[in-house]
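Have a look at the structure below before the remarks.
Letters A, B, ... mirror the listed sequences (proteins, then strands); counts begin at 1. Here the structure is a predicted model, which is why all the values come from computation and not from measurement.
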Protein chains: 2
Amino acid sequence: MKHYTIKDIAKKLNVSISTVSRAFNDKYDIKKETKELILKTAEDMGYIPNPIAKKLSQKRSLNIGVVVPEFINEYYSEIVIALQEFLISKGYQVLVMQSDENEEQELINAQTLINNMVDGLIVAPTTGNRNMKYYQDRIKEGYPIVFLNRIEESVPVSKVVFNNMKWSFFATEHLIRQGYKKIYHLSGYKDLSVSYERIQGFKKAMNKHHIPKENYKIIETGLLAKEGMEVIEDLIYHHDVPDAFFCVNDMVALGAIRKLKDNGYKVPEDVAFVGFTETRMAELVTPQLSSVKQPTFKMAKKAGELLIERIEDENAPIETIVMNGEFNIRQSSVRESSIL
Amino acid sequence: MKHYTIKDIAKKLNVSISTVSRAFNDKYDIKKETKELILKTAEDMGYIPNPIAKKLSQKRSLNIGVVVPEFINEYYSEIVIALQEFLISKGYQVLVMQSDENEEQELINAQTLINNMVDGLIVAPTTGNRNMKYYQDRIKEGYPIVFLNRIEESVPVSKVVFNNMKWSFFATEHLIRQGYKKIYHLSGYKDLSVSYERIQGFKKAMNKHHIPKENYKIIETGLLAKEGMEVIEDLIYHHDVPDAFFCVNDMVALGAIRKLKDNGYKVPEDVAFVGFTETRMAELVTPQLSSVKQPTFKMAKKAGELLIERIEDENAPIETIVMNGEFNIRQSSVRESSIL
DNA sequence: AGTCATTTCGGAAACGTTTTCGGTATTTTT
DNA sequence: AAAAATACCGAAAACGTTTCCGAAATGACT
C-alpha cells in the first residue's frame, strides 16, 4: 500500500514527470487528452500529492497559523472559529496552537508554524511579552503577520484591537450613573495590554465624575473565576465590600458573584456587577450579567483579511483597526431589577 | 536577510554538507571540534534549519495533529490543553484543527494534517460519521491514529472513551431516588455515539426502577443552551413540564433553566436538573448544577500515550480504554436544598 | 613496518515536487 | 511549399535536508 508519486504515474504512462506535474497545475502547456488521461490514471491509482515536497519547491502552503494565548475562555474559541470560517472560504486551512498563557510556549508555537511554512501568522500574544524581537525580525524579513489584541506598540505590523478604554469607560460610567458610590475594578493582569486599557477607561470615568480616590480601587486579578473568588474572600475578611464591581471579564465576575452569594450577599441588591468580553453565560446566569460585547467575528474576519492582503501583496499598507462593541445592560447592574 | 542553508555553512567552512548535517544530528561520526565549530558558525550566521526539507528526507515531523469537533464547549478546549501539555513533554508539538461539527470539514482537517506529515493523529469525530472509510484506509496503511469519544465500533483502532452509559445511569437513578416522578432527558443528537450511550443509561435506570413509560421521555436536542431553551418553550406551550431534567450537557441544562426561570418556575423547587460533562459553570451558577464530571485530563493524556506507543512501535496493541468519572450532586437536583 | 580497526569525512543519491529551457511536432501564415 | 508561429513535451536543475557508501586519515597492534 505504498504511496504513489508522480514518477510512478509518469512511468506507467510513459510520459515525463514534468508532464504529470503539468496535468495537476494546469497553468502550463499540456494537451487536453493527455491531461485527462493523467488525471484519470492518477485517480485510479489513488495518488495523493505530497504537500511537503510541494512546499519545498514552491513557496506557499495555503496554510495559515493562528497562535492564541488560551482557549479556555470562550473568547479565543470564537475567534478561532470565525477565523477558520473566513480563511477556509479564501482557500486556506487553519492550524491552531495555543500558548497556555506562557511566553515560551508562544514562541515555540510561532516558530513551529513558521518553520512549517504557513503562509502567514495571526498572533494574539500572551501577557508579557518578550517575544517581540522574534516577531520584529520575521516582519522585517517580510513575513506576513497580523496581531490581534494585547498589542505592543513597538512592532510595525497590522493589528486588530478592541477599543477597550472607550467601552471600559462606558461600563464604569453606567455604574456611576446607577448611583453606586463605591466601585472596585477587578483588572486582570496589569501587564496585559487589554487590562491596562480597561484600567485607563475606568480611571477616566472616575475622574470625569469626580469620584474621590477612597471610593474606588483597582485590584489586580487573573482571568479565571477562581481569582474572582479569592478577591472577594479577601475583601470580606477586611470588611471592604463595595457597592459595585467592574470586572475584566465575565468569568472573574461570576466567580466573585458566587463567593458573595455564598456569604449572604445579594446581587445586584447589595453588590452590582458588570463584566467584559461578554460570554454566552451572561444571559444564562441569575441575575443576568451586564457586559461589554466584543464583535468577535468581525474582529477575526478583519484580521484574516489584513493577513491575506499582506500575503498577496507584500506592499499592502500596515493598518491598525480599532473596533467597537456594545454594552448590554442586564439585571446585575441596575438598581431596580424590576424595571428590566 | 535571506535564509542560510547547510550549503552556505559548508561552503564557508570548506566542509561537505554531509558533515554539516552530521553536526546537527549527532548520531553520526564527527569529530568533536568540527562539530562545535559548525554549530558555532551556524549560530553566528543565524541559520535556521528547514523542517520541510527535513520532513521530506526523513519520515517524522515531531508534530501531532488533533482534530476536534468544536471547541465552543469548554470540554474539547480542556482536552486540547491537556493533550498539548502531555505531548509537549514528550517532545512533540500539537497542531489543532476544529471541524465545527461538520463532517466534510473534519475530513479536510484530517487530510490536511496527514498530508502535512504529522506523525500521528488524535481524532474526536463529529456527529455522523461518514469519514470512517478514510480513517480505515489510513489505519490499514499503518498510520497511527487514536480516537477519542464518539466512536464507531467498526474501526480497529485504539480509543479512549468515557463510560457514558454507566454515569448516565447513576445520574438518572439519583433523580429517581430523590423522588422526582416525571423525568425527561434532553439527549443531544441521537446519532452521536455519546448521546446514544447516555440514552441507554437513562433507559436502564428507568427500567430498573419500573418507571412507567408515560413518566419519562427522551427529547432530542442539540448541544447548545439555545436548544435547551427551545425545548422548554415547547414543553411549556404543551403544559408538559416534568419534575426533573437530565441533560446531555451543562449548556443545554443552563439554557433550559434560564427559560424556566423566565417563566416563573423555580429551580430546583419546581423542576430539578442534572447536567453532564461538567463545566466550570456548574459551581458558579445559582443554583449550582449537579453534573457528571469527566476526567478530561486523564482521558487526553491516555489518548496521547496510546498514540505515542503506536508511533514508536508499529505493533503496539490496539486498546480501548473506558474511563469513569464522578457524579457531583449539587443544589439543582436535591429536594431540600437546605441540606447541601 | 605492515596489517587492521577506528575515526572522520566527502560524494552522491534520495525524498517528491515545480519550473525553466530548449527541442520536436504540428499548425498557421505567406 | 517554405517559413513562421504555436502547441506540446522531455531533460534537468532546483528546493534543503538525510544518509548510504566508500575513502582517507589516524591510531593500535603485531
Exercise. Check the distance between dA13(C)'s C1' and Gln58(B)'s CD and give it to me in whole angstrom.
Key: 16 Å
Quiz item: Glu33(A) has an atom CD; how far is it from atom C1' of dT26(C), in whole Å?
Solution: 14 Å
Quiz item: Which part of the nucleic acid, if any, lies within contact of Thr5(A), taking any heavy atom under 4.0 Å across all strands shown: a base, the sugar-phosphate backbone alone, or nothing?
Solution: sugar-phosphate
Self-check item: Test log, rule side chain to side chain contact (heavy atoms under 4.5 Å, CB included), inputs Met97(A) and Val96(B)
Solution: CA-CA 6 Å; Met97(A) 301 189 80; Val96(B) 184; over 6 Å; no
Exercise. Just do the salt bridge (charged side-chain N to carboxylate O under 4.0 Å, His left out) check on Lys40(A) and Asp44(A) with the steps written out, would you?
Key: CA-CA 6 Å; Lys40(A) 188 171 174 321; Asp44(A) 292 347; 3.0 Å; yes
Quiz item: Which of the following nucleotides, dG10(C), dT18(C), dT8(C), is nearest to the side chain of Ile17(A)?
Solution: dT18(C)
Exercise. Find the distance Lys7(A):NZ to dA14(C):C1' and express it as a whole number of Å.
Key: 7 Å
Quiz item: Contacts to DNA chain D from residues 41-50 of chain B, heavy-atom cutoff under 4.0 Å, which residues?
Solution: Tyr47(B), Ile48(B), Pro49(B), Asn50(B)
Quiz prompt | Full working for side-chain hydrogen bond (donor to acceptor under 3.5 Å, both in side chains) between Ser18(A) and Ser21(A) | solution = CA-CA 5 Å; Ser18(A) 23; Ser21(A) 176; over 6 Å; no
Practice problem: Quick one: which residue pairs count as a ring pair (Phe, Tyr, Trp, His ring centres under 6.0 Å) with a foot in residues 78-101 of chain B, not counting sequence neighbours? | Solution: none
Practice problem: Kindly give the heavy-atom pair with the smallest separation between Leu148(B) and Met299(B), and that separation in Å. | Solution: CD1-O, 4.2 Å
Quiz item: Is Thr34(B) near enough to dC9(C) that one of its side-chain N or O atoms lies under 4.0 angstrom from OP1 or OP2?
Solution: yes
Quiz item: What are the two closest non-hydrogen atoms of Phe297(A) and Glu85(A), and how far apart are they?
Solution: CE2-OE1, 3.9 Å
Exercise. To the nearest Å, give me how far apart CG (Asp29(A)) and C1' (dA25(C)) are.
Key: 14 Å
Self-check item: Nucleotide range of DNA chain D lying under 4.0 Å from chain A heavy atoms
Solution: dC8(D) to dG16(D)
Practice problem: Return no unless some side-chain N or O of Ser21(A) is found under 4.0 Å from OP1 or OP2 of dT18(C). | Solution: yes
Practice problem: Nearest whole angstrom, please: distance from the P of dA25(C) to the CD1 of Ile30(A). | Solution: 18 Å
Self-check item: Short side-chain N/O contact to dT18(C) OP1/OP2 from Asn25(A), under 4.0 Å
Solution: yes
Quiz item: If you measure from the Lys or Arg side-chain nitrogens to the Asp or Glu carboxylate oxygens, is any gap between Asp8(B) and Lys12(B) under 4.0 Å?
Solution: no
Quiz prompt | Rounded distance in Å - CD1 (Ile38(B)) to C1' (dT8(C)) | solution = 11 Å
Practice problem: Specify the separation, in whole Å, of atom NZ of Lys35(B) and atom C1' of dC9(C). | Solution: 15 Å
Quiz item: If you find the nucleotide of DNA chain D closest to Asn14(A) and the one closest to Ser57(B), which residue's nucleotide is nearer the 5' end?
Solution: Asn14(A)
Practice problem: Pick base, sugar-phosphate or nothing for Ile6(B), based on heavy-atom distances below 4.0 Å to the nucleic acid. | Solution: base
Quiz item: Salt bridge check: are Glu305(A) and Lys302(A) linked by an N-O gap of less than 4.0 Å?
Solution: yes
Quiz item: What integer distance in Å separates Leu37(B):CG from dT8(C):C1'?
Solution: 15 Å
Quiz item: In terms of the nearest nucleotide of DNA chain C, which residue is placed more toward the 5' end: Ala53(B) or Thr19(B)?
Solution: Thr19(B)
Exercise. Hey, could you give me the CG/CD distance between Asn102(A) and Glu70(A), rounded to the nearest 0.5 Å?
Key: 13.0 Å
Exercise. Find the distance between CD1 (Ile6(B)) and CG (Asn50(B)) and round it off to the nearest 0.5 Å.
Key: 10.0 Å
